[in-house]
Amino acid sequence: MSEAPRFYITTAIDYPNSRPHIGTAFEKIGADVQARFQRMQGKSVHFQMGNDENTIKVSQRAGELGQDPQAYVNDMAQQFQAVWAALKISNDDFIQTTEERHRIGCQKFIQAVYDAGDIYKKAYSSQYCDGCEEFKTERDIVEGKCPNHPQRTLRVVEEENYFFRLSAFQDRLLALYQSQPDFIQPETRRNEILSLVTTGLQDVSISRKGFDWGIKVPFDPEQTIYVWFDALLNYITAVGYGTDDERFQRIWPADFHVIGKDITRFHCALWPAMLMSAKLPMPKHVLGHGFVYFKGAKASKSAAEKPRDPMDYIAEHGAEPFRYYFMRECPFGGDGNFSEERFIEVYNADLANNLGNLYSRTLTMCLKYFDGTLTGALETDRTAWVAECPNFPQLVQDLGGLVGSFQYNVALQKIWLEVLDASNRYIQATQPFRVIKTDPDACRVALLNVAESMRVLAILIKPFMPATAERFFRAFNWDDVQAWETVSYADALVRPELSEIQVRAQISDGKPAPLFPKIEVEPPATRS
RNA sequence: UGCGCCGUGGAGCAGCGGUUAGCUCGCCAGGCUCAUAACCUGGAGGUCGCAGGUUCGAUUCCUGUCGGCGCAACCA
């Protein structure tokens, strides 16, 4: 039996120091779009997310709140997952690094690297800030003081830690980048890593002494595994490394690690080196996405603009516009901006006036003129609308390529410009609202064609706005002959054999409810 | 200081060695009336930060410069 090709995609795991913010949401949405797209293409997708809990700061934070660390991280994990669920993130799994499966895999891994001879013990001496409870590097220190605690004096603390021999992997890493040219994406990130690794790598400290919280080094219980040697491993422990080898063999390696550009070095240099040492296969791609910045607040009443909880926007306008905004406005590989004004502008222009309006006008005409049932669909040429959309098959193929390569903003612009606008132009050209009076048949044919364009749109936007896409699709009875759950991009080209098209959308007072009610910026003109 | 990014019509962004520099919003004029005052057509508006260089030709490549910004080993 032939198995569906596998596709394993991960996001970075997050520190649960505070609630998820808009920037982390950007990463999850971008990965989710890819996961959904790959599922549409028939892949057997595993989409992995999680929280990074074995950090000193987490236990400190719990202490501040007077909570047990485990209870604290469990609660945070619930909160994170609630946000991701509200954003319709379709992850298949969510790992907490305090879970047993992670601890077991982690210890197995570090033991393997130790046995391979790539871990050694070394005395580490550095300035230590009691305020931060952290070692400070030369660069951190300003005028001999910790910038966070200028009143305190730094003291030199010496400690024995384990180090990973990262420096020894320079040649092997460069060979990796050579043999897998698209390992690091996008190009600018690749160039950065290339120069970093070419310049030379230092060994990294991978353990700390004297902390209760965290995973013990198996060959030295006095030491706790520190940050990256713990966090990165979630990508393999989550899929069975150390606990379910059969599953691990099946799913690993990852097709994509989707991460923020600031941590590309850990994923592109440290991580592959770790895997090489443990003799595990390399992931196929690492994608370092850009950041989302908040546009400086305009000199208006809303003075101090600070990152709002993503939940605020989701609750106000729905998850789908939120997803659309980021995917359309922020090139995934580069940086983007968020501002409320821009959000409203994009929402009104693209969603309310275009997408939502097409939905309303089409359904209304079908109901008004034909009672919602258009017969004789098989006899008509339901390709005419494509005349407004030249080279349609090529377009669909291009779109698949764009989405598959994370060029979401380009893909969405193309869909709007070349499919949605074409649909509106088609209505203008055929004027069903006018010919209904003189030639009802011409009107019927025109509406059948618009219904078809809506089906196409539904498929094309499915990875980005799953719920909206489904409403578009189910606005008519396409589901009778084509299962929504299994449509692929290629199905956009296939016009289902359906003899009669019926409106199935929710109707109240003879009208479909607006999909995206326009956001009014101006206060009501006169209030008297 | 090191690394990287940006500077394109009023605003926000695309673009990229070569026909009339695109898109969204805003503005102006017209059309239409099915629709969420929406949709369609047309228009005004840019010497593509500045100065050099490479080239038959640069917004697009190189150098310098001014201005804005991000990152810098454990914050997406």
Side-chain angles (χ1 to χ4, degrees), chain A residues 11-15 17-18 20-31 52 55-57 134-135 137 139-140 166 188-189 191-193 195-196 199 201-202 204-206 226-229 231-232 258-266 269-270 288-293 295-296 298 307 328-331 334-337 339 341-342 344-346 348-369 409-410 413-414 416-417 420-421 423-429 431-436 443 446-447 450 511-520:
Chain A
T11 65
I13 53 176
D14 301 305
Y15 282 140
N17 294 340
S18 60
H21 59 91
I22 217 151
T24 59
F26 180 58
E27 171 176 301
K28 313 310 174 200
I29 295 169
D52 184 8
T55 68
I56 297 158
K57 281 180 185 165
E134 264 182 1
F135 286 102
T137 65
R139 294 174 181 184
D140 295 329
L166 180 60
T188 64
R189 298 280 91 77
N191 293 338
E192 279 178 25
I193 297 300
S195 72
L196 173 82
T199 310
L201 296 162
Q202 290 174 25
V204 291
S205 135
I206 59 163
Y226 193 58
V227 184
W228 290 104
F229 235 77
L232 287 164
V258 178
I259 54 153
K261 64 180 183 181
D262 57 329
I263 52 173
T264 42
R265 59 182 56 196
F266 304 109
L270 177 59
H289 68 250
F291 289 169
V292 176
Y293 297 103
K295 216 176 142 193
K298 285 230 166 88
R328 172 66 187 86
E329 277 300 291
C330 310
D335 296 344
N337 296 301
S339 73
E341 294 107 314
R342 184 68 186 147
I344 292 171
E345 185 182 319
V346 168
N348 283 341
D350 291 359
L351 299 180
N353 291 349
N354 267 327
L355 191 66
N357 188 237
L358 178 73
Y359 176 90
S360 296
R361 67 193 304 208
T362 305
L363 292 179
T364 302
M365 284 191 279
C366 290
L367 292 164
K368 205 179 240 182
Y369 305 149
N409 60 326
V410 182
Q413 181 173 28
K414 249 178 150 43
W416 256 247
L417 238 40
L420 191 48
D421 289 355
S423 304
N424 278 320
R425 251 183 275 123
Y426 178 76
I427 293 175
Q428 187 62 30
Q431 308 214 309
F433 44 83
R434 170 178 283 187
V435 297
I436 183 61
C443 175
L447 290 178
V450 182
K511 288 183 136 198
L515 238 40
F516 301 103
K518 199 162 180 171
I519 302 171
E520 299 298 339

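Order of the sequence lines sets the chain letters (A, B, ...), proteins ahead of strands, with each chain counted from 1.
Within 4.0 Å of Ala349(A), counting heavy atoms only, lie sugar-phosphate atoms of the nucleic acid but no base atom. Using a 4.0 Å heavy-atom cutoff across all strands shown, Asn424(A) reaches sugar-phosphate atoms only and no base atom. Across all strands shown, Thr364(A) has heavy atoms under 4.0 Å from sugar-phosphate atoms exclusively, and none from any base. Within 4.0 Å of Phe291(A), counting heavy atoms only, lies at least one base atom of the nucleic acid. Lys28(A) comes within 4.0 angstrom of nothing in the nucleic acid, heavy atoms only. At a threshold of 4.0 angstrom between heavy atoms, the contacts of Gln413(A) are confined to the sugar-phosphate backbone, with no base atom among them. Gly23(A) comes within 4.0 angstrom of a base, heavy atoms only. Counting any heavy atom pair closer than 4.0 Å across all strands shown, Val346(A) reaches no nucleic acid atom. If you check every strand for non-hydrogen atoms under 4.0 Å, Leu363(A) touches nothing.
rU47(B) and rA21(B) have their P atoms separated by 13 Å, with the value rounded to a whole Å. Remark: the separation of the C1' atoms in rA73(B) and rG12(B) is 35 Å, to the nearest Å. For the P atoms, the distance from rA58(B) to rC40(B) is 38 Å, rounded to whole Å. Taking atom C1' in both rC6(B) and rC13(B), one finds a spacing of 12 Å when rounded to whole Å. The gap from the P atom of rC66(B) to that of rC75(B) amounts to 33 Å, rounded to the nearest Å. The gap from the P atom of rG45(B) to that of rG4(B) amounts to 40 Å, rounded to the nearest Å. When the C1' atom is compared between rU8(B) and rG2(B), the two are found 30 Å apart, to the nearest whole Å. A gap of 14 Å separates the C1' atoms of rC28(B) and rG10(B), to the nearest Å.
Residues Met365(A) and Lys368(A) have side chains not in contact (no heavy-atom distance under 4.5 Å, counting atoms from C-beta outward). You'll find the side chain of Lys28(A) reaches within 4.5 Å of the side chain of Asp14(A), heavy atoms only. In this structure, Val450(A) and Arg361(A) have side chains that are not in contact, with every pair of non-hydrogen atoms separated by 4.5 Å or more. When side chains are defined from C-beta on, Leu201(A) counts as touching Leu196(A), because their heavy atoms get closer than 4.5 Å. Side-chain contact check for Ile263(A) versus Trp228(A): some heavy-atom pair is nearer than 4.5 Å. Thr24(A) has its side chain out of reach of Thr11(A): every pair of non-hydrogen atoms, C-beta onward, lies at least 4.5 Å apart.
Atom CD of Glu192(A) is separated from atom P of rA72(B) by 11 Å (rounded to the nearest Å). For the pair Tyr359(A) OH and rU36(B) C1', the computed distance is 13 Å after rounding to whole Å. Rounded to whole angstrom, the span from the CG atom of Asp421(A) across to the C1' atom of rC25(B) amounts to 14 Å. Rounded to an integer number of Å, the gap from CG of Asn348(A) to C1' of rG26(B) is 14 Å. Whole-Å rounding puts the Ile193(A) CD1 to rG4(B) P distance at 12 Å. Note: CZ (Phe266(A)) to P (rC74(B)) measures 7 Å, nearest angstrom. Whole-Å rounding puts the Arg265(A) CZ to rA72(B) C1' distance at 7 Å. Atom pair Leu355(A):CG and rC39(B):C1' shows a separation of 14 Å (rounding to whole Å applied).
The side chain of Lys511(A) contributes an N or O atom lying less than 4.0 Å from OP1 or OP2 of rU36(B). Taking only side-chain nitrogens and oxygens, Asn353(A) never comes nearer than 4.0 Å to OP1 or OP2 of rU24(B).
When distances are taken from the side chain of Gln428(A) to each of rG31(B), rU36(B), rC74(B), the shortest belongs to rG31(B). The side chain of Leu515(A) has rU36(B) as its nearest neighbour among rU24(B), rC75(B), rU36(B). For Tyr15(A), whose side chain is taken as the heavy atoms from C-beta onward, the closest listed nucleotide among rU36(B), rU33(B), rC75(B) is rC75(B). In the set rA14(B), rC32(B), rG12(B), the nucleotide with an atom closest to the side chain of Arg434(A) is rC32(B). Here the side chain of Leu417(A) is nearest to one of rC74(B), rC32(B), rC23(B), namely rC23(B). The side chain of Arg425(A) lies closest to rC40(B) when the candidates are rU36(B), rC40(B), rA73(B). Proximity note for Arg342(A) (side chain, C-beta onward) versus rU24(B), rC74(B), rG31(B): the nearest is rU24(B).
The nearest heavy atom of RNA chain B to Thr188(A) and to Asp350(A) marks one nucleotide each, and the one closer to the 5' end goes with Thr188(A). In this structure, Arg361(A) and Arg189(A) both approach RNA chain B, and ranking their closest nucleotides by distance from the 5' end singles out Arg189(A).
When atom types are taken as modelled, the side chain of Ser195(A) and the backbone of Glu192(A) share a donor-acceptor pair closer than 3.5 angstrom. Between the side chain of Asn348(A) and the backbone N or O of Ile519(A), at least one donor-acceptor pair lies under 3.5 Å. Formation of a donor-acceptor pair under 3.5 Å by the Asn409(A) side chain with backbone atoms of Glu329(A) is not found in this model.
Residues that satisfy the ring-ring contact (aromatic ring centres under 6.0 Å, His included) test with Tyr369(A), not counting sequence neighbours, are absent from this structure.
RNA chain B forms stems at B:1-7 with B:66-72, B:10-13 with B:22-25, B:27-31 with B:39-43, B:49-53 with B:61-65, each a run of 3 or more consecutive Watson-Crick or G-U wobble pairs whose two key distances fall under 3.5 Å.
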